Amino acid sequence: MRIGIAIRKNETDYFVHKSYILLLEKYNYSYDFVTIYTDLSLFDGFLLPGGFDIDPKYYNQENYASKNVDAEMDFLDNKIIQYCVQEKKPLLGICRGIQSINVFLGGSLKQNILNHSNENHFIKLNKKYYLVNSFHHQSIHHLAKDLLVLAKSIDDEIEIIKHKDLPIYGVQFHPELIDLDLKEIFSEF
């Protein structure tokens, strides 16, 4: 199975963090990188990794706390999400990726939350608690209508989502940086 990883960029370069590559290799997936020019039909599924904040205009808010918004990254994430919905392709969003899935399917974000940036905290999944990492200052506010919540943090922030009909998942934490088995999510690929 070939997975397309959406590239990210900082002030000067395009990149994909090595941890995402190692995650895909752990599950024996082949991969390549996706830009706004890539033919999406070349892939069996997609990974939307972490990155900078989404422009709040996409969820009808003024920007009061979103940082380093980037039109190209927003365009790429939206292009991949819409393709996955249309073609029923598997998609996993991590950190910014879960936020992109929610926003570009019609949901909104909280632009700034407390106690989730560079912290560890517990989430509740299937009646069990798991310690996860947290590197975000934004989170899902209004959930898009076709998404379901699978897990929340103990302070009630949404941490794992799933599309009700499609193999589309999102996690707010970074599973590529911790030893947490998410077979349910990766089995969709």
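This one's a predicted model, so the numbers in the text were calculated from it and none came from an experiment. All residue numbers refer to positions in the sequence shown, counting from 1.
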Margin query: Does the plane of the ring in H121 sit parallel, tilted or perpendicular to the ring in H136? Use 30° and 60° as the thresholds.
Written below: perpendicular

**Prompt:** Which class fits the ring pair Y20 and H17: parallel under 30°, tilted 30 to 60°, perpendicular over 60°?
**Reply:** perpendicular

Interatomic spacing from [atom1] in [X] to [atom2] in [Y] - rounded to 0.5 Å:
X    : Y    : atom1 : atom2 : answer
I5   : L48  : CD1   : CG    : 10.5 Å
S108 : Q111 : OG    : CD    : 9.5 Å
F122 : D155 : CZ    : CG    : 12.5 Å
I160 : I158 : CD1   : CD1   : 11.5 Å
S100 : N78  : OG    : CG    : 8.5 Å
N60  : H142 : CG    : NE2   : 11.0 Å

| request: Take I161 and L143, measure what side-chain contact (heavy atoms from CB on, under 4.5 Å) needs, and give me the verdict at the end. | output: CA-CA 9 Å; I161 60 170; L143 191 67; 3.9 Å; yes

Single-linkage hydrophobic cluster, 4.5 Å side-chain cutoff, [X] and [Y] together:
X    : Y    : result
L47  : M1   : yes
L125 : V171 : yes
L148 : L166 : no

Applying side-chain contact (heavy atoms from CB on, under 4.5 Å), run through Y169 and L150 and close with a yes or a no.
CA-CA 10 Å; Y169 284 87; L150 297 182; 3.7 Å; yes

Backbone N/O of [Y] and side chain of [X]: donor-acceptor pair under 3.5 Å:
X    : Y    : answer
H174 : E176 : no
D39  : S41  : yes
E159 : A151 : no
D74  : D55  : yes
Q82  : L105 : no
K79  : I36  : yes
N112 : A65  : no

Evaluate the criterion salt bridge (Lys or Arg N to Asp or Glu O under 4.0 Å) for residue pair K164 and D146; output intermediate values, then yes/no.
CA-CA 6 Å; K164 67 180 186 178; D146 290 330; 3.5 Å; yes

| request: Assess whether side-chain contact (heavy atoms from CB on, under 4.5 Å) is satisfied between Y14 and R8, documenting all intermediate values. | output: CA-CA 6 Å; Y14 291 92; R8 296 303 187 219; over 6 Å; no

Applying side-chain hydrogen bond (donor to acceptor under 3.5 Å, both in side chains) to Y129 and not counting sequence neighbours gives none

Find out whether S139 and I113 are in side-chain contact, i.e. whether some heavy atom of one side chain is under 4.5 Å from a heavy atom of the other.
-> yes

Checklist entry - Is the closest side-chain heavy-atom distance between Y29 and Y27 below 4.5 Å? => result yes

Taking all heavy atoms of [X] and all of [Y], pick out the closest pair and write down the distance.
X    : Y    : answer
N133 : N120 : CA-OD1, 3.3 Å
G107 : A144 : N-CB, 3.7 Å
V16  : A6   : CG2-O, 4.1 Å
P90  : C84  : O-SG, 4.0 Å
R2   : L42  : NH1-O, 3.3 Å
V34  : I80  : CG1-CD1, 4.0 Å

Checklist entry - Does Y58 have its ring centroid less than 6.0 Å away from the ring centroid of F104? => result yes

* Asked: Looking just at side-chain N and O atoms, do Y59 and Q99 make a donor-acceptor pair shorter than 3.5 Å?
  -> no

Checklist entry - Does the side chain of Q138 come under 3.5 Å of the side chain of S66 through a donor N or O and an acceptor N or O? => result yes

Check your understanding: Can we say R96 and D77 salt-bridge, meaning some charged N sits less than 4.0 Å from an Asp/Glu carboxylate O?
Key -> yes

Any carboxylate oxygen within less than 4.0 angstrom of a Lys/Arg side-chain nitrogen, looking at K110 and E157? yes

- prompt: Are T35 and L76 close enough, and set up right, to give a side-chain contact (heavy atoms from CB on, under 4.5 Å), and what steps lead you there?
  reply: CA-CA 7 Å; T35 71; L76 177 59; 5.6 Å; no

